[in-house]
Amino acid sequence: MQVFAELYEFNEQLILTLKFSRASIEKIAAPFKFVPDILKGESPLSGNDAEFLKDYTDNLGKTDALSQVDYLSERKTLLKKYKEESFTDYKKYNSLYVKIFFLIGVLIAVLLA
């Protein structure tokens, strides 16, 4: 969840930077936790998510600023979808783990009583 949330925010910052100023991608990525590693080619995810990250980073900096803004705006919708899906999964599994540990605690309390 956090990877796609950071990547979405990075994408937003990159669009704004390309429209209004010029700064290096590394400088924009510096405040984020996962984005600098993703830009280096190290993926914290696996499977289709890792493939998406690779495709995203492969196209950064390959064309002029206007084409980059168009590309990043197109990717913005996909990133938003991935971000929302991962947040939904996070909430679902997080509540599941809380319920499981609560039931284990109740079971232990019943067995000890």
Side-chain angles (χ1 to χ4, degrees):
M1 177 195 78
Q2 191 175 10
V3 172
F4 284 116
E6 277 192 11
L7 200 59
Y8 181 80
E9 293 300 320
F10 170 74
N11 194 60
E12 290 291 314
Q13 290 292 325
L14 200 54
I15 289 171
L16 289 174
T17 302
L18 285 172
K19 285 183 178 179
F20 301 111
S21 67
R22 299 290 184 258
S24 68
I25 292 176
E26 291 79 18
K27 188 180 276 189
I28 298 167
F32 298 101
K33 181 179 177 183
F34 295 107
V35 175
D37 294 334
I38 292 170
L39 292 175
K40 291 177 189 173
E42 303 166 7
S43 179
L45 303 174
S46 60
N48 290 338
D49 295 336
E51 193 65 34
F52 175 79
L53 295 177
K54 184 179 180 320
D55 290 341
Y56 178 82
T57 57
D58 284 347
N59 292 315
L60 291 179
K62 301 286 184 193
T63 59
D64 63 307
L66 292 176
S67 299
Q68 285 290 300
V69 169
D70 292 340
Y71 171 74
L72 293 171
S73 297
E74 174 190 315
R75 289 297 170 173
K76 179 180 175 179
T77 57
L78 284 173
L79 284 171
K80 187 172 185 177
K81 182 183 115 185
Y82 276 116
K83 178 181 151 185
E84 289 170 355
E85 286 176 358
S86 63
F87 184 69
T88 303
D89 288 344
Y90 174 77
K91 282 177 38 178
K92 178 174 69 173
Y93 290 117
N94 189 34
S95 66
L96 176 67
Y97 292 137
V98 169
K99 291 174 185 174
I100 288 173
F101 286 121
F102 177 74
L103 288 175
I104 290 172
V106 169
L107 180 64
I108 291 172
V110 168
L111 291 174
L112 292 177

Worksheet entry | Verdict with supporting geometry, Ile104 and Ile100, side chain to side chain contact (heavy atoms under 4.5 Å, CB included) | CA-CA 6 Å; Ile104 290 172; Ile100 288 173; 3.9 Å; yes
Discussion item. Applying ring-ring contact (aromatic ring centres under 6.0 Å, His included), can you list everything that pairs with Tyr82, at least two apart in sequence or on another chain?
Written reply: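 Partners of Tyr82 under the ring-ring contact (aromatic ring centres under 6.0 Å, His included) test: Phe4, Phe52.
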Interatomic spacing from [atom1] in [X] to [atom2] in [Y] - rounded to 0.5 Å:
X	Y	atom1	atom2	result
Leu7	Thr57	CG	OG1	9.0 Å
Thr88	Glu85	OG1	CD	7.5 Å
Asp55	Leu60	CG	CG	11.0 Å

Fill in: Residue list, side-chain hydrogen bond (donor to acceptor under 3.5 Å, both in side chains) with Asp58, at least two apart or on another chain
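side-chain hydrogen bond (donor to acceptor under 3.5 Å, both in side chains) check on Asp58 returns Lys54.
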Practice prompt. Flag the pair Leu72 / Tyr56 as yes when at least one side-chain heavy-atom distance between them is below 4.5 Å, and no otherwise.
Written response: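 Touching, per the 4.5 Å side-chain cut-off.
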Worksheet entry | Note, Asn11 side chain near Ile15 side chain (heavy atom, < 4.5 Å) |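 Yes - at least one pair of side-chain heavy atoms lies under 4.5 Å apart.
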Worksheet item: Considering the options Arg75, Lys80, Lys81, which one meets the side-chain contact (heavy atoms from CB on, under 4.5 Å) requirement together with Tyr8?
Response: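 Passing option: Lys80.
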Worksheet item: Should Phe102 and Leu112 be regarded as members of a common hydrophobic cluster, given that ILVMFWY residues are connected when their side-chain heavy atoms come within less than 4.5 Å of each other, either directly or indirectly?
Response: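 Different clusters.
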Side-chain donor-acceptor distances from residues 25-34 under 3.5 Å, at least two apart:
none

